[in-house]
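Below: one structure, written as structure tokens.
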Amino acid sequence: MKKKEIRQFILSFVLALVIYGAIMFAMNSGIINSYWSGILVVACINVVLATSLNLASGYLGQLTLGHAGFMSVGAYISALSSIYLGTPFIISLLIGAVCAAVVGLIIGIPTLRLKGDYLCIITLAFNEIIRVIMLNIGITNGAKGLMGIPMETNFTVVFISAVITIYVIACIVKSRHGRAIISIREDETASELAGIPTSYYKILAFTISAFFAGIAGGLYAHYITILIPKVFDYNKSVEILVMVVLGGLGNLKGSIIAAIVMTILPEYLRAFSDYRMLLYAVVLIAAMILKEKNLVPHLKAKFLKKKDDVEEATE
Amino acid sequence: MQFFATIINGLSTGGMYALVAIGYTMVYGIAKMINFAHGEIIMVGAYITYVVFSLLGMPAFVAIIASIIGCALLGVVTEKVAYKPLRNSGSLAVLITAIGVSYLLQNVFLLIFGSAAITFPSFLPEGQIHLGGLSISYVSALSLCLTLICTVLLLIFINKTRLGKAMRAVSEDKGAAELMGINVNNTISLTFAIGSGLGAIGGIIYGLSYSLINPYLGAMLGIKAFIAAVLGGIGDIKGAMVGGLLIGLAEAFTITFISSTFSDAVVFGILIFILLVKPAGLFGVNVREKV
């Protein structure tokens, strides 16, 4: 590690500690009531989901609509392991995540030969298949929902998980592997010609992404304590995708902020909750068209008049 | 007997899938994009028929025409507003926009009509047609006939007329077609219009066969029709028809002989299988990637 990187690492670490300390202080002193601390837990789970999807969709450039499927695998396996095997929370979390990663690997090996539209549809198909399976096998209790999951998730656990997820993904992206992953997004043929084992990196990124989705699922299961297959449908995958797109494909900070905003904002907009999905749709379309027409840098330049921002945006 | 009944059931649903799949395939052939919103256009078609027939009290014939025209316009407008600005950008951007459009339509109709299912007017006579020992409901017969008629007409249109020739040219090479004096924008609009119009017919058939419609109907129908298009070889109209019928049969047989809950999983399984074994589909041609 270079000196600058070490400094940055320490800085981020301290920042995370400060945020954690501040929120814990606010919770204990009653500034944040239990309702809002619950929302913060969900926000952290969403951060894990969004950053992990960003690795597959943003950095690797493969649009997948099956993230909710991996999340459900993690959620169900960890919950079942907690209930029937009585494993400690951390262990069941890890078991769930590993199973999600294995499912990701099994799905990834054949499907990642496909690109773009096909990959999107096939991941969607897998998501639905996973959901149908969860709905129909006895052990998950089907549509009635899996109950009796111990309530283990608290803010400390989700915060640490979110920080670890962000750290791991940031490290991967910055590393040699990350550059290989990004090169696949830029031009798959060229990177293959440059000697990058593209299939290996695609599957690697996909599996890691599934692993963290599994973690998020486990956290979710042990927080909500009841699992219903309907939660993990196509809409959930789109919701995570909206977070990633809104934050910026291939931008970790953006994903974090978008995930938090998109969890907290609907709470303020309760009165407009019917319009929430409509808003997501408009955001998706507008974000794409504005980006492609390169309007964002111009707007930024107009409103912010900051040279750095414009340069960064035009990159 | 049950076997034949299942076949007829399957062909009837399959006909509906085929009509929708043709829309997917045409749009894919010409714009090289999967129009995720196509399923929602079907839903819109069903709702327009409901509004014109049940609420405005017009005759069924008017309702059907209105629904076809309405959907065709909607298809053209979505293309102009959402997809045209992105014509030269990467597939990721177009795909995300298409998902956005699909969500937008679904939620607009959710706000207008609510999420509860609405009874679709049944303007076909009750009862069944008897052919020897077999009995076919009017909806099934209509669905099959319409699919065949539409496919034949469409094939004639594409292969024999000037506009059809223009379509084929644009789908082969947009730039060259433009240089030859073909109006690419109009041709793409026309494709969206035809595809969406066929979708409207699919929506009406859906309404007639299930007699309940809700704003979510397009999502699953659209995905299954897309699978049908992929199965037949995307970009190929005959393929879309055959694919649609096959998917319908597969679904009907799963429901009758295995379990209704697994029918979706079987259809998706077919998609996965076909993409792994022969990604170009039954009638598709493998396209080599040039660098």
Side-chain angles (χ1 to χ4, degrees), chain A residues 57-58 61-63 65 107 110-111 113-122 124-133 135-136 142-143 185 187-190 192-193 233-235 237-238 241-242 244-245 249 274-293, chain B residues 28 32-37 78 81-108 110-111 114-115 216 219-220 223 226-227 230 234 259 261-277 279 289-291:
Chain A
S57 288
Q62 308 291 331
L63 189 59
L65 276 181
I107 295 176
T111 52
R113 297 194 318 198
L114 306 162
K115 274 179 225 167
D117 307 340
Y118 285 114
L119 183 76
C120 180
I121 289 280
I122 205 165
L124 177 67
F126 270 115
N127 191 352
E128 286 299 310
I129 289 180
I130 291 174
R131 198 173 61 84
V132 170
I133 292 173
L135 205 56
N136 287 300
R185 175 187 71 191
D187 191 329
E188 195 175 330
T189 321
E192 194 160 7
L193 287 174
D233 65 354
Y234 170 59
N235 289 331
S237 293
V238 172
L241 181 70
V242 175
V244 174
V245 172
L249 288 163
D274 290 347
Y275 299 91
R276 190 165 66 116
M277 296 313 280
L278 197 68
L279 189 70
Y280 286 176
V282 175
V283 162
L284 276 182
I285 302 171
M288 283 301 120
I289 293 180
L290 288 178
K291 185 170 160 264
E292 289 305 313
K293 291 271 161 195
Chain B
Y28 187 87
K32 296 285 173 284
M33 62 162 287
I34 293 175
N35 185 9
F36 254 100
T78 29
V81 175
Y83 304 146
K84 202 180 160 202
L86 301 171
R87 205 171 280 169
N88 296 319
S89 25
S91 68
L92 196 66
V94 185
L95 207 54
I96 292 174
T97 314
I99 294 172
V101 172
S102 138
Y103 254 70
L104 184 73
L105 288 174
Q106 200 181 82
N107 284 289
V108 166
L110 213 55
L111 284 178
S115 61
Y216 301 110
M220 200 36 96
I223 292 169
F226 172 78
I227 295 173
V230 172
I234 200 151
S259 150
T261 39
F262 281 103
S263 70
D264 288 356
V266 167
V267 172
F268 288 123
I270 293 178
L271 171 76
I272 291 160
F273 181 74
I274 197 86
L275 282 181
L276 297 181
V277 177
E289 199 180 336
K290 285 179 198 159
V291 183

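Hydrogens, waters and symmetry mates play no part in the numbers below; they use all other heavy atoms, side chains included. Proteins get letters first, then strands, A, B, ... in listed order; numbering begins at 1 in each.
For the options Leu135(A), Ile133(A), Leu278(A), Ile130(A), heavy-atom pairs under 4.5 Å to chain B are most numerous at Leu278(A). Note on Val132(A), Ile285(A), Leu65(A): by heavy-atom pairs under 4.5 Å with chain B, the leading option is Ile285(A).
Within the structure, salt bridge (charged side-chain N to carboxylate O under 4.0 Å, His left out) pairs that include any residue of residues 87-107 of chain B comprise Glu79(B)-Arg87(B) (at least two apart or interchain).
A distance of 9.0 Å separates CG in Asn127(A) from CZ in Phe268(B), rounded to the nearest 0.5 Å. For the atom pair CE of Met288(A) and CD1 of Ile96(B), the computed distance is 4.0 Å after rounding to the nearest 0.5 Å. To the nearest 0.5 Å, the span separating OH on Tyr280(A) from CD1 on Ile99(B) amounts to 15.0 Å.
The two residues Leu95(B) and Cys120(A) come nearest to each other via the heavy atoms CD2-CB, 3.6 Å. Residue Ile129(A) comes nearest to Gly269(B) through the heavy atom pair CD1-N, 4.0 Å, listed as atom of the first residue, atom of the second, then distance. Ala281(A) approaches Gly100(B) most closely through the heavy-atom pair CB-O, 3.3 Å.
The part of Leu124(A) that comes within reach of chain B is its side chain, from C-beta onward, which places non-hydrogen atoms under 4.5 angstrom from that chain. For chain B, the nearby part of Leu249(A) is the side chain; its heavy atoms alone come within less than 4.5 Å. At a 4.5 Å heavy-atom cutoff, Val94(B) makes no contact with chain A through either its backbone or its side chain. With a 4.5 angstrom heavy-atom cutoff, Leu111(B) touches chain A only via side-chain atoms. Both the backbone and the side chain of Ile272(B) come within contact range of chain A, each with at least one heavy atom under 4.5 Å from a heavy atom of that chain. Both the backbone and the side chain of Asn235(A) have a heavy atom closer than 4.5 Å to some heavy atom of chain B.
Using a 4.5 Å heavy-atom cutoff, the side chains of Leu284(A) and Thr97(B) are not in contact.
Residues forming a side-chain contact (heavy atoms from CB on, under 4.5 Å) with Val267(B) (at least two apart in sequence, or on another chain): Lys224(B), Ile227(B), Ile247(B), Glu251(B).
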